[in-house]
Q: 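The structure's right below; bear with me while I get my questions together.
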Amino acid sequence: MSPTSPRGSPPDVGVLLPAAGKGERAGDGAPKQFRRIAGVPMLLRAIRPFASHPRVREIVVALPEEHASAPPEWLAAVMGDRLRVVTGGATRAASVRRALEALDPACVLVLVHDAARPFVSAVEIDAVIAAAEQGTGALVAVPVSDTLKRSEDGRHVAATASRTGLYRALTPQGFPRGMLAEAYAAAGDTLDATDDAGLVEAVGGRVVLVPGRTTNIKVTTPDDFVLAEALARP
Ligand code: CTP
Ligand code: MG
């Protein structure tokens with residue numbers, strides 16, 4: 001049980017895990033979310049902190065169609081009342097929308113978390129739930145620490161951009177369910193957003209930042225797998 005979760009609060013949180021991507025930037029043949037990090041599939045690592053959280057009522061995982069109809073054995077082993085699988089869509093946002101439509105109506109708060117972030121901490125999950133419970137959207141974020149350069153052609157520097165006030169948007173992101181549903185309804189079929197808070201912002205919803213950890217990486221490139229193996233070391 002997560003130490004900072006209020007005991008006795010009802011399990012009213014739904015978790016959507018978009019895991020229907022192709023992992024094109026990761027190289028290799030297998031979808032990156034199924035690849036093992038120190039022996040444990042990335043998706044399973046992303047599921048575990050939510051599956052063990054006392055506030056979580058249901059987890060819906062969006063998978064590529066061929067895997068939704070025949071989930072890998074390690075995923076089938078944890079499927080049941082609290083963890084369901086749906087077929088994702090052509091974009092991340094389309095996958096989230098499908099998962100949201102399938103979510104148990106008793107879930108009044110919704111967290112969305114990238115399956116490609118296998119090192120999310122209980123502290124981050126608790127902070128997002130606590131903020132969303134206040135009626136706003138919330139996302140885990142980290143201040144930008146590198147100096148930023150602008151370049152039109154990828155070689156010649158056109159300008160140095162200020163990093164003051166800039167944050168990297170991580171997941172989980174959490175929302176009162178109605179707020180997220182309204183944002184997706186308003187987005188119509190233009191579903192190219194790479195995060196959910198952006199859709200909520202677009203309909204005027206208030207979104208707050210909660211401090212994230214730089215270890216909550218999104219595994220995107222082959223180099224990220226090297227980093228992930230190091231982070232997974234006991
Ligand atoms: N995702 C999804 N459905 C899609 C595309 C992405 O559910 N149609 C998920 C991915 O599986 C991942 C998360 O959204 O967990 C973040 O996306 P990203 O890191 O971009 O993963 P991929 O789209 O798989 O990778 P790439 O963009 O390199 O192909
Ligand atoms: Mg992608």
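The chain is numbered in sequence order, starting from 1. We count ligands from 1, going down the list as the structure has it; atoms in each ligand are counted the same way.
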Q: Report, as yes or no, whether the 6.0 Å neighbourhood of atom CD on Glu152 holds more than 12 heavy atoms from other residues, nucleotides or ligands.
A: no
Q: Assess Lys32 for proximity to ligand 1: is some non-hydrogen atom of it under 4.0 Å away?
A: yes
Q: Once you round to the nearest 0.5 Å, how far does OH of Tyr167 lie from CG of Leu209?
A: 6.5 Å
Q: For the side chain of Arg97 and the backbone of Tyr184, is there at least one donor-acceptor N/O pair under 3.5 Å apart?
A: yes
Q: Which residue supplies the protein heavy atom nearest to atom 13 (C) of ligand 1, what is that atom called, and how far is it?
A: Asp114 OD1, 3.4 Å
Q: Taking all non-hydrogen atoms of both residues, which atom of Phe34 and which atom of Leu43 are closest, and how far apart?
A: CE2-CD2, 4.0 Å
Q: Could you point out which residue of Lys218, Gln173, Arg92 forms a side chain to side chain donor-acceptor pair (under 3.5 Å) with Asp114?
A: Arg92
Q: Answer with yes or no whether Ala19 contacts ligand 1, where contact means a heavy atom under 4.0 Å from a ligand atom.
A: yes
Q: Can you tell which of Ala99, Ala93, Ala26, Ser95 gets a heavy atom nearest to atom 3 (N) of ligand 1?
A: Ser95
Q: Could you check which of Pro64, Gly21, Pro18 puts a non-hydrogen atom nearest to atom 12 (C) of ligand 1?
A: Pro18
Q: With heavy-atom distances below 4.0 Å as the criterion, list the atoms of ligand 1 near Lys22.
A: 24 (O)
Q: Name the closest protein heavy atom to atom 7 (O) of ligand 1, giving the residue it belongs to and the distance to 0.1 Å.
A: Ala20 N, 2.8 Å
Q: Nearest heavy atom to atom 27 (O) of ligand 1 wins, so pick from Met42, Arg25, Arg117, Glu24.
A: Arg25
Q: Does a side-chain N-to-carboxylate-O contact under 4.0 Å join Arg117 and Glu124?
A: no
Q: What are the atoms of ligand 1, with element, lying closer than 4.0 Å to any heavy atom of Ala115?
A: 15 (O)
Q: Using a 4.0 Å cutoff against the non-hydrogen atoms of Ala116, which atoms of ligand 1 qualify?
A: 15 (O)
Q: Looking only at protein heavy atoms, which one is nearest to atom 8 (N) of ligand 1, and how far off is it?
A: Gly89 O, 3.0 Å
Q: Between Val15 and Ile125, is a side-chain contact (heavy atoms from CB on, under 4.5 Å) present by the stated rule, with each step listed?
A: CA-CA 11 Å; Val15 180; Ile125 295 170; over 6 Å; no
Q: Is any heavy atom of the protein nearer than 4.0 Å to atom 17 (O) of ligand 1?
A: no
Q: Closest heavy-atom contact between Gly137 and Phe175?
A: CA-CD2, 3.6 Å
Q: Based purely on interatomic distance, does Ala62 place a nitrogen or oxygen under 3.5 Å from a nitrogen or oxygen of ligand 1?
A: no
Q: Going through the checks in order, is the side-chain contact (heavy atoms from CB on, under 4.5 Å) test met by Asp12 and Arg57?
A: CA-CA 6 Å; Asp12 55 0; Arg57 183 180 188 90; 5.8 Å; no
Q: Look only at interatomic distance and state if Gly23 has a nitrogen or oxygen under 3.5 Å from any nitrogen or oxygen of ligand 1.
A: yes
Q: In the protein, what heavy atom is nearest to atom 14 (O) of ligand 1, and what distance, to one decimal place, separates them?
A: Arg92 CG, 3.4 Å
Q: Under 3.5 Å between some N or O of ligand 1 and some N or O of Val219?
A: no
Q: Please round to the nearest 0.5 Å and tell me the distance separating atom CZ of Arg177 and atom CG of Leu109.
A: 10.5 Å
Q: How far is atom 19 (O) of ligand 1 from the closest protein heavy atom, and which atom is that?
A: Lys218 NZ, 2.7 Å
Q: If we only consider heavy atoms of Ala90, is any one of them less than 4.0 Å away from an atom in ligand 1?
A: yes
Q: Let me see the working for Val120 and Phe50 under side-chain contact (heavy atoms from CB on, under 4.5 Å), right down to the final yes or no.
A: CA-CA 9 Å; Val120 59; Phe50 296 98; 4.0 Å; yes
